[in-house]
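Some notes on the structure that comes next.
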Amino acid sequence: MQEKDVIIIGAGAAGLMCAISAGGRGKSVAVLDHANKVGKKILMSGGGRCNFTNYYAEPSNFLSHNEHFCKSALSRYTQWDFIGLVEKHGIPYHEKKLGQLFCDNKAKDIVNMLLDECSNVGADVRTHCAIEQVEKTEQGFLLTTSQGKWQCRSLVIATGGLSIPTMGATGFGYDIAKQFGLTVLPTTAGLVPFTLTPSLLEQFEGLSGTSADASVSCNGESFRENILFTHRGLSGPSILQISSYWKPGDSIQINLFPDIDLFQALKDSQQARPKSHINTLLAETLTKKLADRLTDMWFGDIKDKPLAELSNESLQRVAKQCQSWSLKPTGTEGYRTAEVTLGGIDTDEVSSKTFEAKKVPGLYFIGEVLDVTGHLGGFNFQWAWASGHACGQEL
Ligand code: FDA
């Protein structure tokens with residue numbers, strides 16, 4: 001039997017940060033993970049360079065049933081605290097865009113940093129450790145694992161969400177929550193590409209890899225970045241962002257000309273270049289391939305006419321279609337490619353200060369397993385660092 005003050009299940013972003021935080025306060029800590037490597041999602045994140053935080057992280061970047069829940073932890077361990085840690089370890093980084101911070105070299109720099117910090121505070125980090133059973137005892141918790149029995153006063157669940165099952169994601173955290181009578185809110189894939197109907201895919205054939213700067217809206221939210229045509233449907237940052245607000249059956253609205261009044265621009269062009277055609281004008285902003293395809297799809301009846309011959313009504317139709325293109329995805333690519341899981345353990349069940357389950361003293365939940373989901377751009381890691389740190393300070 002091995003005994004620790006604190007056992008953390010899940011050696012991902014939140015679990016490792018929690019170990020550093022609790023270990024730094026003199027607690028004996030073990031981190032147990034069933035995978036063959038720690039921090040696999042950190043390693044694969046940000047195209048291998050890990051978008052580890054965001055200069056502009058704040059509570060409004062997070063979705064949750066309780067929008068206030070994330071505030072306390074985010075204010076106690078901010079992006080500046082994590083940047084300080086990165087700088088202490090001499091890890092080179094840069095801002096890519098919109099406050100998103102990436103490693104100059106490899107995401108492995110972040111994992112090595114976390115493991116160095118764990119080792120400094122004497123945390124025992126184990127991989128290949130399958131958790132077979134968790135029982136509550138008078139002293140705390142008893143764990144039966146593939147590496148023997150473990151006992152602890154405090155048990156922290158940091159097993160993340162369901163996205164990318166091939167990377168070791170499981171519903172373990174939700175199962176433990178249910179075992180102890182806590183509510184788990186329905187989960188769905190977030191930050192995920194959309195799939196489209198076969199007929200739309202046919203119309204978009206050959207566009208795979210084409211992108212456009214667009215503003216995408218759904219359910220009162222709007223994001224402005226690139227959209228990307230794929231062979232399954234639509235992806236790109238603004239699509240991934242809006243996917244977290246989309247529900248099955250909803251349409252999304254895409255504005256392919258977010259900076260201008262397109263009708264006015266068409267009217268001006270009608271005066272200045274009366275012999276031009278619609279596809280030529282659209283290609284001044286969109287790629288030629290996309291402009292030609294959309295013109296064929298939407299404006300076949302007027303595409304061969306010069307602007308001078310087009311009525312105001314026709315120009316209005318062009319502007320409306322391009323600036324509020326309404327499209328109904330058939331679904332998403334699901335957990336296979338999603339970056340995060342929406343929903344999860346109901347935050348009403350957990351203290352926002354300590355992350356302890358209100359009904360089960362000694363049991364804690366941190367990171368993505370909770371019903372807190374960040375926007376794209378380094379916010380999900382910031383939540384993992386902040387919740388892990390805050391919990392570690394209270395163990
Ligand atoms: P995380 O998933 O990191 O860790 C959970 C750990 O628990 C894993 O090590 C897993 O093996 C372990 N585990 C699971 N089940 C277990 C079980 N039954 N027994 C034992 N151990 C178990 N975010 C961001 O801010 N910037 C970015 O650049 C990216 N990029 C990105 C790319 C891709 C492809 C994905 C899938 C995700 C991202 N994210 C991201 C999201 C980010 O990776 C995610 O939100 C955090 O890793 C969540 O941290 P957690 O520690 O909560 O879970």
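- Separation of atoms NZ (Lys106) and SG (Cys50) is listed at 14.0 Å; rounding is to 0.5 Å.
- For the residue pair Thr330 and Thr197, no side-chain donor N or O sits within less than 3.5 Å of a side-chain acceptor on the partner.
- Between the side chain of Gln382 and the backbone N or O of Glu58 there is no donor-acceptor pair closer than 3.5 Å.
- Between the side chain of Asn51 and the backbone N or O of Leu101 there is at least one donor-acceptor pair closer than 3.5 Å.
- Here the straight-line distance linking atom CG of Leu240 with atom CG of Asn226 works out to 11.0 Å at 0.5 Å rounding.
- Nearest heavy-atom pair, Ile254 versus Ala214, reported as atom, atom and distance to 0.1 Å: CG2-CB, 3.9 Å.
- Side-chain contact check for Gln393 and Ser21: at least one donor-acceptor pair (N or O, by modelled atom type) lies under 3.5 Å.
- The aromatic rings of His94 and Phe102 lie parallel to each other, with less than 30° between the two planes, well short of the 60° mark.
- Contact detail for Pro92 and Asn105: the closest heavy-atom pair is CG-ND2, 3.4 Å.
- Between the side chain of Gln241 and the backbone N or O of Leu376, at least one donor-acceptor pair lies under 3.5 Å.
- Using a 4.5 Å cut-off on side-chain heavy atoms (C-beta onward), Val29 and Ile8 make contact.
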query = Passes ring pair (Phe, Tyr, Trp, His ring centres under 6.0 Å), Trp385 versus Phe381? Steps please.
reply = CA-CA 6 Å; Trp385 316 134; Phe381 279 135; 5.6 Å; yes

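- Of all heavy-atom pairs between Cys103 and Ala107, the closest is SG-CA, 4.4 Å.
- Under the 4.5 Å side-chain criterion, counting only non-hydrogen atoms from C-beta, Phe299 is in contact with Gln321.
- Trp246 places none of its side-chain heavy atoms less than 4.5 Å from the side chain of Thr188.
- By the 4.5 Å heavy-atom criterion applied to side chains, Cys18 and Leu395 are counted as neighbours.
- No donor-acceptor pair closer than 3.5 Å links the side chain of Thr159 to the backbone N or O of Gly10.
- Interatomic distance, Phe141 CZ to Ile176 CD1, rounded to the nearest 0.5 Å: 9.0 Å.
- With contacts defined as side-chain heavy-atom distances shorter than 4.5 Å, the pair Glu221/Leu63 does not qualify.
- Taking every heavy atom of both residues into account, Ser251 and Ser326 meet most closely at CB-OG, 3.7 Å.
- If you take NE2 on His375 and CH2 on Trp383, they are separated by 14.5 Å, rounding to the nearest 0.5 Å.
- Looking at Glu225, its side chain never comes within 3.5 Å of a backbone N or O of Pro237 through a donor-acceptor pair.
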task = Determine, step by step, whether Arg273 and Glu284 satisfy the salt bridge (charged side-chain N to carboxylate O under 4.0 Å, His left out) criterion, reporting the C-alpha distance in whole Å, the side-chain angles of both residues, the deciding distance to 0.1 Å, and the verdict.
result = CA-CA 13 Å; Arg273 286 171 290 159; Glu284 285 171 7; 2.5 Å; yes

request  = Check the pair Phe69 / Phe355 against ring pair (Phe, Tyr, Trp, His ring centres under 6.0 Å), numbers first and verdict last.
outcome  = CA-CA 10 Å; Phe69 181 83; Phe355 291 86; 5.7 Å; yes

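- Ring geometry for Tyr245 against Phe223 counts as tilted: the plane angle lies between 30° and 60°, on a 0 to 90° scale.
- Ser28 contributes no side-chain N or O that, together with a main-chain N or O of Lys4, makes up a donor-acceptor pair within less than 3.5 Å.
- Phe52 and Tyr93 have their aromatic ring centers within a separation under 6.0 angstrom.
- The backbone N or O of Glu394 sits nowhere less than 3.5 Å from a side-chain atom of Thr354 that would complete a donor-acceptor pair.
- Put simply, OG1 on Thr230 and CG on Leu207 are 10.5 Å apart, with the number rounded to the nearest 0.5 Å.
- How far SG of Cys129 is from CH2 of Trp150: 6.5 Å, rounded to the nearest 0.5 Å.
- Hydrophobic cluster membership is shared by Leu327 and Leu262, with clusters built from Ile, Leu, Val, Met, Phe, Trp and Tyr side chains linked at under 4.5 angstrom.
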key: Check against salt bridge (charged side-chain N to carboxylate O under 4.0 Å, His left out), Asp33 and Lys40   = CA-CA 11 Å; Asp33 200 298; Lys40 279 186 165 183; over 6 Å; no

message = Applying salt bridge (charged side-chain N to carboxylate O under 4.0 Å, His left out) to Asp104 and Arg49, what does each step give before you reach the verdict?
response = CA-CA 7 Å; Asp104 286 356; Arg49 292 224 162 100; over 6 Å; no

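- With hydrogens and angles disregarded, a donor-acceptor distance shorter than 3.5 Å links the side chain of Asp81 to the backbone of Thr78.
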